[in-house]
Amino acid sequence: MKAKGAMIQSVRGVKDVLPSESLKWRLVEETASEIFTLYNFKEIRIPTFEKTEVFKRSIGETTDIVEKEMYTFTDRGGESLTLRPEGTASIVRAYVENGLYNPPGVTKLFYMGPMFRAERPQAGRFRQFHQIGAEVFGTDDPAIDAEVIIMLMDLFTELRVPGLKVLLNSLGCPECRPAFRDALYTFLKERASDLCKNCQSRIERNPLRALDCKSPTCKEIVENAPTIDEYRCDSCETHFNNVRKPLIDLEIPVTVDPKLMRGLDYYSRTAFEVVSEGLGAQNSVAGGGRYDSLVEQFGGPKTPAIGFALGIERLISLLNGQDEEELTEYPDIFIVPMTETASLRSFEIAHRLRSYGYQVDRTFGTASMKSMMKKADRSKARYTLIIGEDELKKGTGTLRNMSSGEQIETSFDDIADILDEEPHP
RNA sequence: GUGGGCGUAGCUCAGCUGGUAGAGCACUGGAUUGUGGUUCCGGUGGUCGCGGGUUCAAACCCCGUCGCUCACCCCA
């Protein structure tokens with residue numbers, strides 16, 4: 001590489017999706033869109049950045065995301081804007097702003113796109129990453145909680161992702177959670193000196209999070225900590241049971257995990273996470289839960305809601321080694337024009353074949369026949385159409401079947417018919 | 001922000017106790033005046049991440065720096 005200008009690298013933690021991967025992305029996005037449509041979800045497209053306030057108000061001031069992970073900048077008018085670190089906040093803002101609660105009823109929305117968090121990158125974690133998410137507004141019927149989880153698992157099943165399980169918990173509601181929180185607080189406070197530094201600071205800020213600390217000593221201590229089960233009110237308990245029942249009936253691999261907490265402040269009741277082995281330390285492919293007071297916080301009418309988001313990069317890494325060849329679309333026909341005149345003539349032929357829906361490519365530039373055939377071979381086209389002096393005189397081309405090596409001379413008008421007769425492999 | 005590992009050809013990597021660079025793949029030409037995939041022969045391609053130090057001599061040792069990567073925190 002003779003570097004005249006120094007190479008410019010991409011920003012840390014962001015990735016290019018190269019052609020070798022992009023078909024998998026399309027498969028994931030299209031499949032999600034199809035499955036969600038089966039459940040009558042409608043797509044919503046929201047901006048990539050918002051007023052910073054949108055995220056501060058929804059995600060919570062003391063969460064890591066808001067405290068240190070947001071890409072925030074000041075625009076020309078002096079207003080603080082932020083590249084969205086997640087989708088739900090924007091969806092809620094859009095739901096309220098556009099009055100989607102009218103007419104009243106259930107609103108089912110999905111979205112996909114990039115999210116931004118200024119974290120240190122590692123396996124399965126990027127600064128720009130992509131999520132597919134879905135949100136349902138307007139009902140707290142546990143049936144919708146179950147439906148949303150079933151829909152998510154349908155997507156994974158359709159994509160044939162192996163070895164997933166759903167971790168499920170209910171975080172309680174504003175009625176019962178405070179009591180649990182207090183109990184946990186005093187429990188932790190009494191043992192503060194034995195906890196790791198992180199958990200010590202969690203006691204005041206967000207004691208719930210000490211429950212899924214990975215430090216061995218904390219794990220041991222927390223083993224005997226009070227759990228939400230003991231504090232859930234009757235209505236939360238019933239709700240939780242009714243979320244679980246349909247999942248069990250449909251044999252969705254659900255594990256109740258009383259220690260499953262959510263990092264973001266807005267969750268209540270149902271919380272779930274879909275985890276996989278083989279993702280490294282970041283083993284969660286999707287996460288979601290219920291947020292019954294967020295719409296109100298955004299100035300809308302009291303509207304219960306539930307949603308989830310899945311990480312596209314993580315999902316795709318679970319797809320690796322699966323059917324990569326099958327996904328790729330190779331040309332049906334590759335044209336090798338041997339002269340200038342042939343090159344000109346091939347425009348017309350290629351154009352007609354494409355209009356019939358065939359994928360067509362050709363050589364560019366001058367090269368030996370041998371090297372042009374090599375290019376044809378590498379394109380993995382089913383057929384090569386050779387057009388040289390002899391053919392031009394007769395108005396024909398030589399059509400070569402690249403797997404059998406058979407070739408026939410054909411008039412340009414008949415090529416499409418010949419391709420049609422051959423079933424696609 | 002903290003810690004570990006790693007930066008050698010386009011890619012994957014080798015390079016012993018320091019002696020001024022190698023393989024495979026890829027690319028390209030030929031064997032085969034208009035025919036690819038196999039084989040054989042040849043060729044292009046490297047300021048060994050960058051800067052400094054030690055030394056007669058550094059890809060190799062030392063210091064710094066940048067980048068990548070994994071992990072912690074946390075999350076998708």
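Order of the sequence lines sets the chain letters (A, B, ...), proteins ahead of strands, with each chain counted from 1. These figures come from a predicted structure and were not determined experimentally.
With hydrogens and angles ignored, no donor-acceptor pair closer than 3.5 Å exists between the side chain of A/R12 and the base of B/rG67. Taking only distance into account, the side chain of A/Q407 meets the base of B/rU35 through a donor-acceptor pair shorter than 3.5 Å. Judged by atom type and distance alone, A/E69 does not reach the base of B/rG1 through any side-chain donor-acceptor pair under 3.5 Å. Applying the 3.5 Å distance criterion, the base of B/rA76 shares a donor-acceptor pair with the side chain of A/E119.
Inter-residue side-chain proximity for A/E313 and A/H130 is flagged as met; some heavy-atom pair is nearer than 4.5 Å.
The shortest distance between the side-chain N/O atoms of A/K15 and the OP1/OP2 oxygens of B/rU69 is below 4.0 Å. Between A/R378 and B/rC27 there is a side-chain N or O to OP1 or OP2 distance below 4.0 Å.
Across all strands shown, B/rC6 forms a Watson-Crick or G-U wobble pair, both distances under 3.5 Å, with B/rG67.
Residues A/Y95 and A/F137 place their aromatic rings such that the two centres sit under 6.0 Å apart.
Looking at which nucleotide of RNA chain B each of A/S368 and A/V274 is closest to, the 5′-most match is held by A/S368. Comparing A/K68 and A/K370 by the nucleotide of RNA chain B whose heavy atom lies nearest to each, the residue mapping closer to the 5' end is A/K370.
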Q. Given A/E135 and A/T88, is the side-chain hydrogen bond (donor to acceptor under 3.5 Å, both in side chains) satisfied, shown in steps?
A. CA-CA 8 Å; A/E135 316 284 353; A/T88 303; 2.8 Å; yes
